[in-house]
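Taking it in order: structure first as C-alpha cells, then the write-up.
Just so we're on the same page: letters track the sequence lines, and every chain starts at 1. The basis for the numbers below is simple: all heavy atoms, side chains too, and nothing from hydrogens, waters or symmetry mates.
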Number of protein chains: 2
Amino acid sequence: MTLSRDIRIFMELDQTDRRILGQMQRDCDISLESLGEIVGLSRNACWRRIKLLSEAGIIKGKVALLNADALGLALTVFIQVRTDQHDPDWSAKFARATRTLPQIQGVYRMSGDLDYLIRAQVADMKDYDHLYQKLTSSVSLADVSASFVMEEIKDTTALPL
Amino acid sequence: MTLSRDIRIFMELDQTDRRILGQMQRDCDISLESLGEIVGLSRNACWRRIKLLSEAGIIKGKVALLNADALGLALTVFIQVRTDQHDPDWSAKFARATRTLPQIQGVYRMSGDLDYLIRAQVADMKDYDHLYQKLTSSVSLADVSASFVMEEIKDTTALPL
DNA sequence: ACTGAAAAGGGCACGGC
DNA sequence: GCCGTGCCCTTTTCAGT
C-alpha cells in the first residue's frame, strides 16, 4: 500500500482565501473585523475560513518575528558544507547537530556541487567561530566555507499567492 | 550631525523577557494567561513587557507562517548572481526588481566571490524559469546560477536568545 | 452567510510590594 | 521601579436561522 505515498491533497483556494492568507502572512495581529473589511467578508466567514486553512495545514502557525540587530545578532552567514560521508548515519548526526544549534535558521541539502547550505545568525566573527567550532566538532565535515551577508536587501516569510 | 548614525540602543533583556520572546517566536497564538504561566508572571506583567518589546522594535511583528508544499510551491532555489555593474543606479534597480517579485523571499549582498544570493520559492522548474526570465529581463546580470534544495533539514524563523 | 449571545481574552488604572 | 488584582471593553467562538 505505497500508492498513496506521494498523493497530496490540495485544498481549493479562491481569491478570498488568498487575500486572507496574504494579509495574515504580512500581519496576523489584526482583528477578524478588520480582516473581514479588507477581504470583503463578515468576521465570521473569515473565522471559519481561517479555521479550515489551519486544519488543512496551509497555515502552519503564528509567530512573532524578532529584530536580529536589536538582539545583537548583526551577522548573517551562509555556510557551504561538503562531505565525503554519505551514509544515513552521518546524515542523521548532521541533522541532529544543526537542528540543535539555535544560531542556525536553515539547513538545506542541495543539488549541484555543494552538499549542504546552512543559514545562521550570529553576533560577530567571534560568535561565528564558536558556531564553526561546535559544528565541526560534532560532525566530520570535508569542506566548510562561509559567506557573510554585507547587506540584506529583502527578507520576508511571505510566500507568493 | 552624523555622529549618532551608528548608535544603537540595546534594551536590557532579562531572563523573563527572553522566555517571552522564545515562546512568541515559536508560537504567538497563545493567551497572555498561558504565556504568564509559562514564564512565571501575571498576564499583565507579560502584556506590559510585550508592549515594551514591540515599542523597542525587538518584536517586529506577528505573522502567519504558510505551508509552501500545500500551496504547491515545492521547489526552493538559491540563485547566485554575479554582476559587472556596481553603480548605485544598478543596485537600486536590482533591489526594486527583486523586492517586487513575490517568489523571492530573500536577497543578500554577499562578501566573497559571488555578489548576491537570492532565495526563492517556486512551484517547479518551469516556474523557476519564469522567475529567471523576469529577473534577467528587468536587470542586466553578468552571471546567474541556481542551486535547488533537495531536502529541507531545518527551517525556522526563531533567533537564538 | 449573517445575527446574536456566551465565553474568553486584551487593555488599562489602581494599589501594594 | 515592577508586579499583581480587578474591572471593563473588545474580540473570539459557536450556536441557531
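- When rounded to the nearest whole Å, the span between CZ of B:Arg49 and P of D:dG1 equals 15 Å.
- Side-chain nitrogen and oxygen atoms of B:Trp47 include at least one within less than 4.0 Å of the OP1 or OP2 phosphate oxygen of C:dG11.
- Summary of the strand contacts: A:Arg48 and B:Ala45 both lie near DNA chain D, and taking for each the nucleotide with the nearest heavy atom, the more 5' one is attributed to B:Ala45.
- Within the structure, a side-chain polar atom (N or O) of A:Ser42 is placed less than 4.0 Å from OP1 or OP2 of C:dC2.
- For B:Thr156 and A:Gln105, the side-chain atoms include no donor-acceptor pair closer than 3.5 Å.
- To the nearest angstrom, P of D:dC3 lies 14 Å from CD of B:Gln15.
- No hydrogens or angles were tested; on distance alone, a donor-acceptor pair under 3.5 Å links the side chain of A:Asn44 to the base of C:dT3.
- Separation of atoms CG (B:Leu117) and CG (A:Leu117) is listed at 7.0 Å; rounding is to 0.5 Å.
- Within the structure, every side-chain polar atom (N or O) of B:Arg43 is placed at least 4.0 Å from both OP1 and OP2 of C:dG11.
- The CG-P distance, from B:Leu32 to D:dG4, rounds to 13 Å in whole Å.
- Counting any heavy atom pair closer than 4.0 Å across all strands shown, A:Leu41 reaches no nucleic acid atom.
- Between B:Glu33 atom CD and D:dT5 atom P there is a gap of 10 Å when expressed in whole angstrom units.
- Between A:Ile50 atom CD1 and D:dT11 atom C1' the separation is 13 Å, expressed in whole Å.
- Taking the six-membered ring for Trp and thresholds of 30 and 60 degrees, B:Trp90 and B:Phe94 have nearly parallel ring planes, at less than 30 degrees apart.
- Between the P atom of C:dA8 and the CG atom of B:Leu35 lies a distance of 19 Å, rounded to the nearest Å.
- In this structure, B:Lys62 places its NZ atom 12 Å from C1' of C:dG9, rounding to the nearest Å.
- Counting heavy atoms from C-beta outward, A:Asp27 and B:Val63 have side chains that stay 4.5 Å or more apart.
- Contact annotation: the side chain of A:Asp127 never approaches that of A:Leu75 to less than 4.5 Å [non-hydrogen atoms, C-beta and beyond].
- As a whole-Å value, the separation of A:Leu52 CG from D:dT13 C1' is 14 Å.
- The side chain of A:Lys51 lies closest to D:dC14 when the candidates are C:dA1, D:dT12, D:dC14.
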